[in-house]
Structures are given as structure tokens and as C-alpha cells.
Amino acid sequence: DAGVTQSPTHLIKTRGQQVTLRCSPKSGHDTVSWYQQALGQGPQFIFQYYEEEERQRGNFPDRFSGHQFPNYSSELNVNALLLGDSALYLCASSLDGGRRDEQFFGPGTRLTVL
Amino acid sequence: AQKITQTQPGMFVQEKEAVTLDCTYDTSDPSYGLFWYKQPSSGEMIFLIYQGSYDQQNATEGRYSLNFQKARKSANLVISASQLGDSAMYFCAMRENLYGNNRLAFGKGNQVVVIP
């Protein structure tokens, strides 16, 4: 039973560029959440997707957008990259209404913006 | 306002000893859940233990136990019989309003180093 997978593992971009990160949820899960973790900080909630729609959103600008596909996988897009977007981006999947709505995390994508 | 507070500096603990990691939280919602995650240097967040606000007993999962003091709004993690593999960052997180909302608010984490 595959857990949450994310790609790519690492990514280096320059300011102003755009990036797309990908996440495949744990088998049987239908909800995907994205978190940004800056160095030395705890993860910050970006948004959550359920039934191919954004259900909740944290305090992030519109440069951060996402998508969920019919197979429940998800993408996180960041436009006009800033140096401050350098972080570990974590994807978490869960089953809506499941046991404690426990979220399983992927290994993350480490984004460096130069 | 910070919802989860973890203020301990990095901790060194002797192998086989117990360690307690402090976590206080802030919420006015009567229905919430508290989580502890472990994050090794590889980056993946590993679920350790969960405590619901209405749970009558403190949660336990193997060597992990949660000391839940609702009136004090604290949810301290106790790791018994520390192992070298327990060296990691530990994050306390809260989910408010259990129904229809499962975003997690994390603290800044506690660094634990287990020494032989």
C-alpha cells in the first residue's frame, strides 16, 4: 500500500519563475492538503482540496494555486516566485470523515528560489 | 495569534531515559483534536499520537503517551525509553472544529537529540 508520494524531491528556480509540485495521496484517501514549511518553522497550511475543489485556504496570496484531479492527485502551483517561497512543501492526504481525519504526509518537495 | 506554543530549546536525552515535550494550545472551540508528529532529517512528518478534546483518557501509542490537561490547555508528549532513532524534530498540532475542518495548525517544534 503506497503512502503519499510527492515529486520532484528537490527543485531550484529563480525569482519570477513559476513552479508546479505534484502529490499522489495514500490509496483510499480523497482529500489533499498542502503545507509550506520554512526553515526552522512548523508547517503552515496553504489550502485543501476535496472533490476537485478548494475547500479551505490559509493565509497565502493568490500566487499559490492548486488543482485536484479525478484520481485525487493534486498539484500546487506557485507563480512569480519570491526568495521567501524557498521552503519544504508538504502534501498530506486524508479520508473525508475518516478516523480522526488523520493526515498522512509525504516526504515533501524542497524548493529553493535563487 | 499563535495557536500552538512549543518553547523548549533543543533537548539532549540519554538513551533509555524518558523525555517530555511541552505543548500549549489556544482555542475557544470546544471540539478540537491534538496531534504530535515526528520529523526526522529526511523531512517526512510521521504521525505519533492523537488526543480528542472529548476523550476521557490520555492517549497512548506504544512508547508515546500524551499528558492532556484540558483546563491548562496543555498536551505534553512523553517518550519513554528513548532510542537513538528518536532523534528528530517533534511538532505539536491542533485541528479545531472537528467537523468540516481538518486543517492543522502547527507549533514551531522541539528538537530532540538522543545520546548513547
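Lettering of chains follows the sequences in order, A, B, ..., and the numbering in each one begins at 1. Keep in mind that what you see is a predicted model, and the values were worked out from it rather than measured.
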| field | Neighbour count >12 (heavy atoms, 6.0 Å) for atom NZ, Lys16(B) | value | no

Are [X] and [Y] joined in one hydrophobic group, where the rule is that I, L, V, M, F, W and Y side chains link up if heavy atoms are under 4.5 Å apart?
X: Phe105(A); Y: Ile46(A); value: no
X: Leu21(B); Y: Leu34(B); value: yes
X: Phe106(B); Y: Phe47(A); value: no
X: Tyr90(B); Y: Ile4(B); value: yes
X: Leu90(A); Y: Val32(A); value: no

| task | Would you mind listing every disulfide bond (SG atoms under 2.5 Å apart) that reaches into residues 12-97 of chain A, with sequence neighbours excluded? | result | Cys23(A)-Cys91(A)

| query | Roughly how far apart are Phe104(A) CZ and Ile46(B) CD1, rounded to 0.5 Å? | reply | 12.0 Å

| task | Taking heavy atoms only and a threshold strictly under 4.5 Å, list by residue number the residues of residues 34-44 of chain A that touch chain B; give 'none' if the list is empty. | result | Tyr35(A), Gln37(A), Gly40(A), Gln41(A), Gly42(A), Pro43(A)

| request: With chain B as the partner chain, list the residues of residues 59-82 of chain A whose heavy atoms fall under 4.5 Å from it, by residue number, and write 'none' if nothing qualifies. | output: none

| message | At under 4.5 Å between heavy atoms, what parts of residues 36-44 of chain B are in contact with chain A? List them by residue number. | response | Tyr37(B), Gln39(B), Ser42(B), Gly43(B), Glu44(B)

| Do you know which of Arg110(A), Arg57(A), Gln6(A) has the most heavy-atom pairs with chain B at a distance under 4.5 angstrom? | Arg57(A)

